[in-house]
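Atom set for the values below is all heavy atoms of this structure, side chains included, hydrogens, waters and symmetry mates excluded.
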Amino acid sequence: VQLQASGGGLVQAGGSLRLSCAASGRTVSRYDMGWFRQAPGKEREFVAKINWSGGSTKYADSVKGRFTISRDNAKSTVYLQMNGLKPDDTAVYYCAVDTTYVWNSATWDYWGQGTLVTVSS
């Protein structure tokens, strides 16, 4: 599976961005997908995940109510709509695929290359 993330950029605090992650090489419609981020000098952290059908989602407390994860299996793409952005959201955002079929596995088998989101104050 190859994952291509896009949609990052520079935005002012309070603004919005939508990230996309397109999968290729293998169908991902039966797998859970997620977004992670890594800020400068910090460890990578979980942001959001969505199950294969889109019927279940999970968010980090820090983004709950501001970010929305969704997917379009026909396009093999997962999205992250980010509203109310804060400077603390500045990071490289990565998408990932979990092929274990276990919702709480915390095992991510494939990773995208990342897209940079910078939020100015």
Side-chain angles (χ1 to χ4, degrees):
V1 176
Q2 292 79 46
L3 301 172
Q4 181 71 41
S6 61
L10 174 63
V11 63
Q12 289 188 332
S16 298
L17 281 175
R18 189 176 82 152
L19 305 183
S20 299
C21 175
S24 62
R26 179 177 173 184
T27 182
V28 295
S29 62
R30 302 297 294 179
Y31 300 136
D32 301 340
M33 299 185 72
W35 287 96
F36 293 75
R37 67 186 182 186
Q38 186 167 19
K42 295 186 178 181
E43 294 187 353
R44 186 170 58 194
E45 64 176 1
F46 167 78
V47 175
K49 67 183 294 185
I50 188 167
N51 79 327
W52 68 273
S53 69
S56 294
T57 58
K58 182 177 181 180
Y59 297 91
D61 288 343
S62 58
V63 307
K64 204 171 293 183
R66 299 188 297 122
F67 290 10
T68 302
I69 189 171
S70 62
R71 67 190 295 164
D72 184 339
N73 283 337
K75 296 181 179 179
S76 296
T77 300
V78 63
Y79 304 98
L80 187 67
Q81 177 66 44
M82 305 185 295
N83 299 329
L85 283 162
K86 306 174 181 179
D88 284 349
D89 295 318
T90 295
V92 177
Y93 284 71
Y94 299 90
C95 56
V97 175
D98 175 1
T99 64
T100 64
Y101 300 105
V102 177
W103 177 240
N104 293 316
S105 73
T107 301
W108 300 91
D109 307 282
Y110 300 96
W111 293 85
Q113 87 290 355
T115 185
L116 177 62
V117 172
T118 303
V119 184
S120 63
S121 57

Could you work out, with side-chain hydrogen bond (donor to acceptor under 3.5 Å, both in side chains) as the rule, every residue matching [X], not counting sequence neighbours?
{"X": "Asp61", "result": "Lys64"}
{"X": "Tyr110", "result": "Arg26"}
{"X": "Ser29", "result": "Thr27"}
{"X": "Thr68", "result": "none"}

Filter on disulfide bond (SG atoms under 2.5 Å apart), then keep only pairs touching residues 65-109, sequence neighbours left out; what's left?
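For residues 65-109, and leaving out neighbouring residues, the disulfide bond (SG atoms under 2.5 Å apart) pairs sorted by first residue read Cys21-Cys95.
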
For Trp103, which fellow cluster members are found when Ile, Leu, Val, Met, Phe, Trp and Tyr are connected by side-chain heavy-atom distances below 4.5 angstrom, either directly or through intermediates?
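Same cluster as Trp103: nobody, lone residue.
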
Only pairs under 3.5 Å count here: list side-chain donor-acceptor contacts from residues 114-121, not counting sequence neighbours, and write none if there are none.
from	atom 1	to	atom 2	distance (Å)
Thr115	OG1	Gly8	N	3.1

Going by salt bridge (charged side-chain N to carboxylate O under 4.0 Å, His left out), name the residues that satisfy it together with Asp98, two or more places apart in sequence or in a different chain.
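So Asp98 forms no salt bridge (charged side-chain N to carboxylate O under 4.0 Å, His left out) with any residue.
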
My understanding is that only residues two or more places apart in sequence, or in another chain, count here; which of them pass salt bridge (charged side-chain N to carboxylate O under 4.0 Å, His left out) with Lys42?
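Once residues adjacent in sequence are excluded, Lys42 has no partner under the salt bridge (charged side-chain N to carboxylate O under 4.0 Å, His left out) criterion.
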
Phe46: what forms a ring-ring contact (aromatic ring centres under 6.0 Å, His included) with it, not counting sequence neighbours?
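Phe46 satisfies ring-ring contact (aromatic ring centres under 6.0 Å, His included) with Phe36 once adjacent residues are dropped.
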
Please confirm whether Arg71 makes a cation-pi placement over Trp52, using NZ or CZ under 6.0 Å from the six-membered ring centre and within 45° of the ring normal.
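Not flagged: Arg71 not positioned over aromatic ring of Trp52.
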
Is there any ring pair (Phe, Tyr, Trp, His ring centres under 6.0 Å) pair reaching into residues 62-99, and which pairs are they, with sequence neighbours excluded?
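Qualifying pairs, neighbours excluded: none.
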
Can you list every pair that meets side chain to side chain donor-acceptor pair (under 3.5 Å) and has a residue in residues 1-17, with sequence neighbours left out?
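Matches after skipping sequence neighbours: Ser16-Asn83.
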
